[in-house]
Amino acid sequence: MKFVNLNRKIAVLDRGYSQTQRYATPKKKRGFKGVLRVLVILIIIAVIIYIPTRGVYSSSRQLINSARNIKTAFKNENLDDIKSSLDQMKNSSDSLKTALNFLFWVRIIPFLGDYYGDINHFSTAAGYELTASQTLVNSLLPYKNELGFTGHPTPGQDKITQLVKILDKVNPKLDEIEPQLKKASDEVSSIDVNKYPEKIGKYQLRSQIDAAKNLIMGAHGAITQGRSAINIAPSALGEPTPKNYLIIFQNDKELRATGGFMTAYAFLTLDKGHVDSSSSDDIYRLDEKLLKTCLNVICPLTPPEAIVKYLPEANGKLRSAWSMRDSNLSPDLPTSMQEFEKLYSFLPDGEKFDGIITIDTHVVEELIKITGPVEVFGTKYSADNDSRCNCPNVIYELENYAQIIEKGEEDRKAILGALMQQILARSLSASSEHLPEFINAGVKLASAKDIMFYMHDQKVQQALSQLNWTGEINKDFKGDYLHINDSNFAGGKSNIYVTENVTLEINTDSTGKVKHKLTINYKNPQPYNTWLNGINRDYVRIYAPKGSSLMSSKGSEEQVTTKEDSDLNKTYFEAFVQIRPGNSNVLSFEYELPNSVSGKELPLLIQKQPGTKAFDYTIKVNGKTQQIFQLDSDKEFKLAL
């Protein structure tokens, strides 16, 4: 039997026990470290999540309360309260920005990071905007009594006068606040509002975000591009001498070159900001007077070729005379209004005016959305959907009025002046809290060419032209160009329903030559089950750079012809197509630009036709899609070649 030294084993066990005992942590100490770790984690969570989130929530609540206070102060026209609430709002905005900065880590989280970035951009922009606002309010404080901002709301009829005075006082400060407004505009310019849902419950989310973005960017545009317009605003609003404007209603549901068939008119007088509608009637009354006058005076009433060819009389015969209602044949508003004025000048008792303002159904509809329903001669005009046309009620009633005019009923009422007077009265009597809505709607309508200006005062006209509010065809653009112009000749009110989908394919070769294929898909999804719908007889003109040459075309019911418009510095292709209810039609053109391109970019300007909807456009370059968008205003691109 082998001898085993048990003492050695015991010694080894003793040493092992001693080492284990030496490095063992008491249970109390081990528990304390665990608690310490949890405490550290909680502190970290508190620092990076809870405290900043609580700060965002608290600052947001304070910001909302301050905004409400400003809203109330504006409503009461109390400049001292406006200043106080504005200072509070700026402090809350700074606190919100600080709290958001502590949440910087959210930026790296997929999906959430993008929305965090937008919130941060809006917060930063708000800080710049509020700083600019403080500068303006401080500049107005010495004049609060003169401006009527002492806590007693100004009557509606005096609000434009008040606006004229405010513009005069703030004008010297615009250069000082421009850098702040530019920073704010740059902050929000990259925000894509289309990624947001239209609604969350009953709340209109996307439209509210879009309105906020447009308001911030529009503020900077107003004092840069619109600086000249701000300078001439007092004069245009009748200060110091009265101004009389001719308002022409263009029915965009019967589309014409400058936005719609000229249906009715009204005269609007502005005297030191006070508004009055002196008279109104339908356009046929003017033409009746013109024809009577031209029985004794030689008038230039020979109709243009396109009118003779595509716009027959109601009895089907060719037109033998031109009329004021069809004088807006040029796609360039100043050119068309000059033609209108030539014919108008033959009226012996024609009222004198200082300029022409054109509006369409979108203007009336958008303003009624803000003011609420308006009643004229027992007829209610609202923005609610009307099942008789599957369109807003105001559209149906305006089209019904247009139909009565065209039938020539003797007892037809001149509603345009009364309607505009009602809308203006409701707009001016609205509380100041609605001012941003009116500003946003006005800028949007002017940018979309639903409201346009042709002024006799060249300084005023030039100022409005810089804002692109004059409906002009751009004659001097260096690069590629496209303008699609549709005229509904005797096709009823079918433009309520007709849509267009446009694809422009641009191809270049090794020599730099540029060839285009333009495809327009017209569609009328509405069945022929309402008097508003009918066969859309569309006289189409495609405006391209001067010297462009047509290679081929498809879809036109008449031979496509190429013509030059030297006044507009453009070549255009003339076609004719009919779109029947419940059907579609495709029109296409292939043409080559006059000049080759060099370099890696091709500038392109696409001008929107007044009165049209925001149609879908796709641009492809050498087989690759580069742009997909809705043409809601003129668009300029630099396309990669």
Side-chain angles (χ1 to χ4, degrees), residues 155-157 159-160 244-254 259-270 274-289 324-325 347 349-351 353 356-430 434 438 441 445 450-451 492-493 495-496 530-532 611:
Q157 68 270 19
K159 283 191 175 179
I160 295 182
N244 191 33
Y245 298 115
L246 174 60
I247 311 296
I248 295 180
F249 174 67
Q250 297 194 113
N251 186 2
D252 53 283
K253 310 314 178 194
E254 188 177 346
F261 176 64
M262 294 191 291
T263 304
Y265 71 94
F267 285 98
L268 200 69
T269 301
L270 289 171
H274 290 94
V275 184
D276 181 51
S277 179
S278 57
S279 62
S280 70
D281 212 329
D282 63 70
I283 204 79
Y284 285 84
R285 302 281 197 193
L286 288 181
D287 278 330
E288 289 167 7
K289 293 178 182 179
M324 277 185 272
R325 63 182 180 270
L347 300 180
D349 57 348
E351 188 172 337
F353 52 87
I356 299 174
I357 302 172
T358 66
I359 64 172
D360 61 22
T361 64
H362 297 104
V363 175
V364 182
E365 180 185 355
E366 289 301 317
L367 291 178
I368 284 179
K369 283 181 181 177
I370 301 173
T371 65
V374 171
E375 188 170 315
V376 178
F377 297 133
T379 299
K380 182 181 177 182
Y381 296 82
S382 77
D384 298 333
N385 189 66
D386 195 316
S387 60
R388 292 174 292 180
C389 64
N390 191 27
C391 65
N393 165 262
V394 62
I395 301 299
Y396 180 86
E397 296 298 349
L398 286 172
E399 298 312 316
N400 190 42
Y401 167 60
Q403 188 80 348
I404 291 171
I405 290 173
E406 290 168 20
K407 287 179 179 178
E409 296 179 11
E410 288 299 322
D411 63 343
R412 61 190 189 264
K413 295 180 175 65
I415 71 159
L416 182 62
L419 180 60
M420 292 308 299
Q421 190 78 15
Q422 284 272 15
I423 292 174
L424 282 170
R426 294 283 292 273
S427 301
L428 292 172
S429 62
H434 290 294
F438 284 112
L445 290 165
D450 295 311
I451 179 169
K493 319 303 175 191
N495 289 104
I496 292 179
T530 170
W531 62 268
L532 290 165

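Worth saying up front: this structure is predicted, and the values here are computed from it rather than measured. Heavy atoms only: backbone and side chains are in, while hydrogens, waters and symmetry mates are out.
Within the model, atoms CG of Leu398 and OG1 of Thr361 stand 7.0 Å from one another, a figure rounded to the nearest 0.5 Å. Expressed to the nearest 0.5 Å, how far CG of Leu347 lies from NZ of Lys289 amounts to 7.0 Å. The distance from the OH atom of Tyr284 to the CZ atom of Arg325 is 5.0 Å, given to the nearest 0.5 Å. If you take CD1 on Ile359 and CD1 on Ile423, they are separated by 7.5 Å, rounding to the nearest 0.5 Å. Going from atom CD1 of Ile496 over to atom SG of Cys391 covers 5.0 Å, rounded to the nearest 0.5 Å. How far OG1 of Thr358 is from CG of Leu246: 10.0 Å, rounded to the nearest 0.5 Å.
At a threshold of 4.5 Å between non-hydrogen side-chain atoms, the residues Trp531 and Asn400 count as touching. Asn385 places a side-chain heavy atom less than 4.5 Å from the side chain of Asn390. Two residues are said to be in side-chain contact when any heavy atoms from C-beta on lie closer than 4.5 Å; Ile368 and Glu365 fail this criterion. Side-chain contact check for Asp252 versus Asn495: every heavy-atom pair is 4.5 Å or farther apart. Counting heavy atoms from C-beta on, the side chains of Val275 and Leu268 come closer than 4.5 Å.
Of the options Tyr265, Phe249, Tyr401, a side-chain contact (heavy atoms from CB on, under 4.5 Å) to Asp282 is made by Tyr401 and by none of the others.
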Test log, rule side chain to side chain contact (heavy atoms under 4.5 Å, CB included), inputs Tyr381 and Leu419: CA-CA 9 Å; Tyr381 296 82; Leu419 180 60; 4.1 Å; yes

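Legend: residues meeting salt bridge (Lys or Arg N to Asp or Glu O under 4.0 Å) with Glu399, ordered by chain and number and at least two apart, are absent. Lys253 meets the salt bridge (Lys or Arg N to Asp or Glu O under 4.0 Å) test with no other residue; sequence neighbours excluded.
Sorted by first and then second residue, the pairs that involve residues 385-395 and meet salt bridge (Lys or Arg N to Asp or Glu O under 4.0 Å), not counting sequence neighbours, are Asp386-Arg388, Arg388-Glu397.
Nearest heavy-atom pair, Lys493 versus Ala402, reported as atom, atom and distance to 0.1 Å: NZ-CB, 4.3 Å. Among all heavy-atom pairs drawn from Ala383 and Pro392, the shortest one is O-CB, 3.9 Å. Pairing each heavy atom of Pro373 with each of Lys380, the nearest pair is CB-CE, 3.6 Å. Nearest approach of Ser279 to Glu351, heavy atoms of both residues: OG-OE1, 3.4 Å. Of all non-hydrogen atoms in Val374 and Gln422, the two that sit nearest each other are CG1-CB, 3.4 Å. Between His362 and Gly611 the shortest heavy-atom distance is CE1-O, 3.7 Å.
Ring geometry, Phe267 versus Phe353: the interplanar angle falls from 30° to 60°, so the pair is classed tilted.
Inspection of the Thr269 and Asp276 side chains reveals no N or O donor paired with an N or O acceptor under 3.5 Å.
Asp287 places a side-chain N or O within donor-acceptor distance of the main-chain N or O of Met324, the cut-off being under 3.5 Å.
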